[in-house]
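In what follows, a structure is listed as structure tokens, so that the remarks can point back to it.
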Amino acid sequence: MPMIEQDIKAAVAHILTTQYSAAITADQVTINKTNKEHTGDFTVVVFPLARFTKLAPEAAGQAIGEALKTTCDFIAEFNVIKGFLNLVLTDEYWLTRLGKIASNPTYGTFAPNGSKVVLEYCGPNTNKPLHIGHVRNMLIGYSMSEILKAAGSDVTKVNIYNDRGIAISQSMVAYTRFANGATPESTGIKGDHFVGDWYVKFNQVALEEVGALCNAPEDKAEAKKQTKIFKEAQELLLKWEAGDPETMALWKKMNGWVYQGFQQTFNLIGVDFQKDYYESETYKLGKDIIEEGLAKEVFYKRADGAVAVDLTPEGLDEKVLLRSDGTSIYITQDLGTAQLRYEEFGMDKMIYVVANEQDYHFKVLKLALQKLGKQWADGIFHLSYALVESPTGRFKSREGKTADADDLIAEVMRIAEDRTKELGKIEGLSETEAQQLYHTIGLGALKYFVLRVNPYKKIIFNPEESIDFHGHTGPFIQYTHARICAITRKAGSIAETTTIDTSHPLTAEEKELLVLLADYENTVRNAAEKVDPSELANYIYQLAKTYNKFYHESPILNANTDAEKSLRVALSAQTGAVIKKGMKLLGIAVPERM
RNA sequence: GGCCUGGUAGCUCAGUUGGAUAGAGCAACAGCCUUCUAAGCUGUGGGUCAUUGGUUCGAAUCCAAUCCAGGUCACCA
């Protein structure tokens with residue numbers, strides 16, 4: 001809660017306690033931003049307060065308003081409509097806020113709050129390329145880490161590669177059978193796509209073999225497991241688990257290609273990790289925790305030998321944590337990996353950016369660790385995001401190229417190039433500058449498209465329609481920034497000023513913009529608290545839109561007076577700065593020209 | 001079937017701890033480049049906030065039931 005709103009609440013509470021002997025605290029006062037159609041900056045909702053004054057809501061509003069005006073020097077005037085007390089703050093107050101913003105280079109970033117966060121995101125399988133689901137994951141994960149850092153947390157970004165198992169074994173089998181020693185270099189295919197192609201090939205061959213075995217579609221899933229090629233893959237997995245040198249060498253070689261390919265995509269999108277984990281190294285973890293749980297009698301060994309935990313008191317089921325043959329399953333290694341990270345980082349919060357299909361899994365993970373009495377497990381948070389779907393339903397990895405991350409990025413950059421050339425905006429740019437601009441705009445469009453939607457809501461993405469560049473989009477915000485840069489460039493040294501003349505009256509457009517600017521800090525903190533980048537994305541759009549209106553209505557460099565000019569330049573400069581900072585927290589770059 | 005998420009304009013989405021006449025963008029239509037970047041600005045039309053009931057000064061928001069969509073309920077990951 002920004003200071004000013006807290007101050008008003010406290011003042012209202014003070015008036016009610018001293019003048020009406022009401023037992024009321026500041027928290028009980030409801031205050032909102034005033035709706036556009038009414039005059040005012042903040043509105044006190046009088047209905048719940050009226051009973052303390054023994055007056056009708058309207059009269060109570062009047063009485064409180066008068067008392068506020070005399071006690072608070074930042075309140076210029078007020079009006080009462082029904083039970084709503086609208087307060088207008090003085091222009092001086094707002095201009096002082098602008099001065100504080102302008103003179104604070106770190107406006108919107110908070111002092112360290114002592115919180116240590118480990119944030120896991122991306123989590124790809126190494127048998128196929130990244131797709132649009134990973135894109136959403138990465139954008140949410142990266143921007144969330146930036147937002148948390150701005151809010152004062154110490155964040156470590158980690159990735160986990162699902163680099164072992166039956167899927168990569170299948171790619172390996174197909175590669176061995178059909179590739180004739182081809183490599184990404186020899187074919188010119190990006191490494192992750194290259195390996196993914198062999199995974200697709202495996203499934204084609206398996207289907208052909210199924211066709212030979214049976215015709216009934218309902219038996220196909222079962223029949224697939226009976227195919228020769230499927231059995232080969234299973235055998236290969238066993239060889240891998242036994243550490244067979246030849247198998248390991250091929251596995252390392254193919255995964256190496258994949259990592260190279262992934263890294264290119266990470267670079268293109270602009271995401272990074274401080275630490276990588278590999279399932280091949282973590283999949284045996286967790287046995288200690290199982291032992292610990294058995295010793296503490298939180299877990300129990302069933303008659304069949306499997307270790308389980310009873311979560312029926314929590315409304316879940318009995319959950320097996322270790323196979324009856326003593327080997328690990330998914331949850332076992334996640335328990336172990338969590339413990340490992342706690343030992344490595346001592347974090348008080350661990351955020352998993354993982355799709356909402358795994359809600360149940362993370363409930364189990366958190367509960368199991370809590371039952372073991374691990375304090376830090378309270379800080380486990382599953383940032384559960386919904387899937388990206390096509391208008392006809394889920395994207396299937398085999399259906400269509402449009403869900404592929406690299407294709408999507410290439411497409412959106414191509415559109416950026418076309419648009420930019422159409423508008424004749426590449427004059428004076430070198431080829432590399434132009435390419436850089438297409439990248440900035442294209443990625444900006446894609447990232448904003450994804451990030452403006454609340455993570456827990458599914459995104460409908462129609463690959464038939466290209467991502468928009470007008471309206472509520474990334475390029476719109478980028479354009480606004482470029483426009484502001486043109487202003488501040490021409491304004492020269494005036495744009496550097498951090499002192500504000502607080503006696504100058506504000507126009508409606510100036511004030512609307514300033515009020516919004518003053519709200520940035522609050523927005524960053526809200527986005528961090530709610531663990532939701534869309535909060536910030538929507539704020540920046542609002543800010544850009546408000547600026548464009550201001551820009552259209554108010555001459556800046558051609559203002560009537562010097563005082564007006566310097567105020568408007570200052571407003572422009574600060575808006576530009578906030579757009580740039582805010583977009584950076586979203587992982588989106590803003591150009592100075594476009 | 002149990003549990004979890006969603007359902008707001010033709011489409012894609014906002015909507016703070018319950019607050020005033022539910023907002024944007026896209027699409028459609030009509031205007032604005034002789035002043036700082038028109039990827040912009042302005043205007044028009046478009047709504048049973050899934051349905052029904054409840055809670056209260058006040059409900060898109062909270063509660064209950066129902067309908068629809070998706071997910072999940074593996075010794076897969």
Side-chain angles (χ1 to χ4, degrees), chain A residues 27 30 32-38 43 45-48 50-51 57 81-84 86 123 125 162 164-167 279 283 302 304-308 315-317 319-334 355-361 363 384 386-387 389 391 393-394 416 419-420 422-423 425 441 445 449 452-454 456-462 465 468-480 482-487 489-491 522 526 530 534-535 537-538 541-542 544-545 548-549 551-559 568-569 572 593-594:
Chain A
D27 319 327
T30 308
N32 302 83
K33 279 169 208 149
T34 303
N35 287 8
K36 264 187 185 168
E37 57 266 31
H38 298 99
T43 298
V45 182
V46 186
F47 295 104
R51 63 192 174 92
I81 299 170
K82 290 190 266 177
F84 298 96
N86 301 317
N125 295 329
N162 303 305
R164 63 170 284 280
I166 192 68
E279 198 201 328
Y283 85 111
R302 297 197 316 199
D304 60 9
V307 175
L316 304 181
D317 305 294
K319 179 74 191 172
V320 170
L321 303 175
L322 191 73
R323 284 199 191 97
S324 48
D325 65 4
T327 58
S328 296
I329 52 176
Y330 182 41
I331 188 82
T332 324
Q333 63 161 308
D334 259 10
N356 64 5
E357 304 169 293
Q358 295 194 34
D359 286 352
Y360 185 83
H361 172 77
K363 275 185 192 166
S384 165
L387 299 172
E389 293 181 11
R394 265 177 98 148
R419 276 304 288 166
T420 306
E422 245 173 67
L423 292 168
K425 299 217 176 193
I441 297 172
F449 173 80
R452 81 184 183 97
V453 181
N454 194 309
Y456 64 77
K457 286 196 173 183
K458 71 178 173 196
I459 290 182
I460 307 291
F461 171 61
N462 188 351
E465 296 169 16
D468 238 306
F469 281 55
H470 295 277
H472 190 173
T473 66
F476 167 84
I477 295 165
Q478 293 173 320
Y479 175 74
T480 307
R483 224 181 196 185
I484 291 171
C485 286
I487 293 279
R489 263 197 307 272
K490 288 175 188 165
N522 197 28
N526 267 343
K530 290 189 181 171
S534 73
E535 187 99 357
N538 285 299
Y541 169 68
Q542 199 58 44
K545 191 171 165 52
N548 278 321
K549 189 178 174 183
Y551 176 93
H552 188 261
E553 300 291 327
S554 328
I556 299 165
L557 299 172
N558 305 323
R568 290 178 180 173
V569 169
S572 299
R593 298 167 202 266
M594 71 181 273

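Order of the sequence lines sets the chain letters (A, B, ...), proteins ahead of strands, with each chain counted from 1.
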Glycosidic conformation of C33(B), taking syn as within 90° of 0 and anti otherwise: syn

Which nucleotide in A69(B), U5(B), A20(B) has an atom nearest any side-chain atom of Lys458(A): A69(B)

Short side-chain N/O contact from Lys82(A) to OP1 or OP2 of U21(B), under 4.0 Å: yes

Identified side-chain hydrogen bond (donor to acceptor under 3.5 Å, both in side chains) counterpart of Thr43(A) within the set Asn32(A), Thr30(A), Asn86(A): Asn86(A)

Distance in Å, Gln333(A) CD paired with Asn162(A) CG, rounded so as to fall on 0.5 Å steps: 7.5 Å

From U12(B), A77(B), G19(B), nucleotide with atom closest to Arg452(A) side chain: U12(B)

Interatomic distance where CG belongs to Asn35(A) and C1' belongs to U16(B) [whole Å]: 13 Å

Aro-ring/base stack His38(A)-A20(B), d under 5.5 Å, angle under 30°: yes

Closest to the Ala306(A) side chain, choosing from A69(B), G19(B), C75(B): C75(B)

Separation between the C1' atoms of A14(B) and G47(B), rounded to whole Å: 15 Å

Lys319(A) vs C73(B): side-chain N/O to OP1/OP2 distance below 4.0 Å: no

Spacing between Asp468(A) atom CG and C11(B) atom P, to the nearest angstrom: 16 Å

Any side-chain heavy-atom pair of Tyr541(A) and Ile477(A) under 4.5 Å: yes

Distance in angstrom units between Asn526(A) CG and U17(B) C1', rounded: 11 Å

Residue whose closest nucleotide on RNA chain B lies nearer the 5' end, Asn356(A) versus Val320(A): Asn356(A)

Of Thr43(A) and Tyr360(A), the one whose closest RNA chain B nucleotide lies more 5': Thr43(A)

Closest to the Ala486(A) side chain, choosing from U37(B), G71(B), G19(B): U37(B)

Nearest-Å distance for atom pair CD1/C1', residues Ile487(A) and U35(B): 11 Å

Salt-bridge contact Asp304(A)-Arg302(A) (side-chain N to carboxylate O under 4.0 Å): yes

A20(B) versus U61(B) - spacing of their C1' atoms, nearest Å: 16 Å

Lys425(A) NZ: over 12 foreign heavy atoms closer than 6.0 Å: yes

Any Lys36(A) side-chain N or O less than 4.0 Å from OP1/OP2 of U21(B): no

Side chain to side chain, Phe469(A) and Ile441(A), heavy atoms closer than 4.5 Å: yes

Minimum-distance nucleotide (side-chain atoms of Val45(A) versus A14(B), C36(B), G19(B)): G19(B)

Sidechain-backbone polar pair: Arg323(A) side chain, Ser328(A) backbone, donor-acceptor under 3.5 Å: yes

Side chains of Asp468(A) and Thr473(A), donor plus acceptor under 3.5 Å: no

Given C76(B), C36(B), U72(B), the nucleotide with the shortest approach to the side chain of Asn558(A): C36(B)

Phe47(A)-G19(B) aromatic stacking (under 5.5 Å, under 30°): yes

Between P of C75(B) and OH of Tyr330(A), the distance in whole Å: 15 Å

Interatomic distance where CG belongs to Asn454(A) and P belongs to U5(B) [whole Å]: 13 Å

Stacked pair Phe84(A)-A20(B), distance under 5.5 Å, angle under 30°: yes

Per-nucleotide pairing state of RNA chain B [Watson-Crick or G-U, under 3.5 Å; [ ] pseudoknot-crossing; | other strand]: (((((((..((((.....[...)))).(((((.......))))).....(((((..]....))))))))))))....

Protein-to-nucleotide contact annotation, 5' to 3' order, nucleotides 38-44 of chain B [B base; S sugar-phosphate only; - none; under 4.0 Å, heavy atom]: SBSSS--

Length of the line joining Glu389(A):CD and G70(B):C1', which is rounded to integer Å: 7 Å

Whole angstrom value for the distance that separates C1' of A24(B) from CD1 of Ile477(A): 12 Å

Student check: side-chain heavy atoms of Asn538(A) and His472(A) closer than 4.5 Å: yes

Sugar-phosphate, base or nothing in reach of Glu279(A), heavy atoms under 4.0 Å: sugar-phosphate

Distance under 6.0 Å and angle within 45° of ring axis: Arg483(A) vs Tyr551(A): yes

Side chain Asn86(A) and base A20(B) donor-acceptor under 3.5 Å: yes

Whether Asn35(A) side chain and Glu37(A) backbone form a donor-acceptor pair below 3.5 Å: no

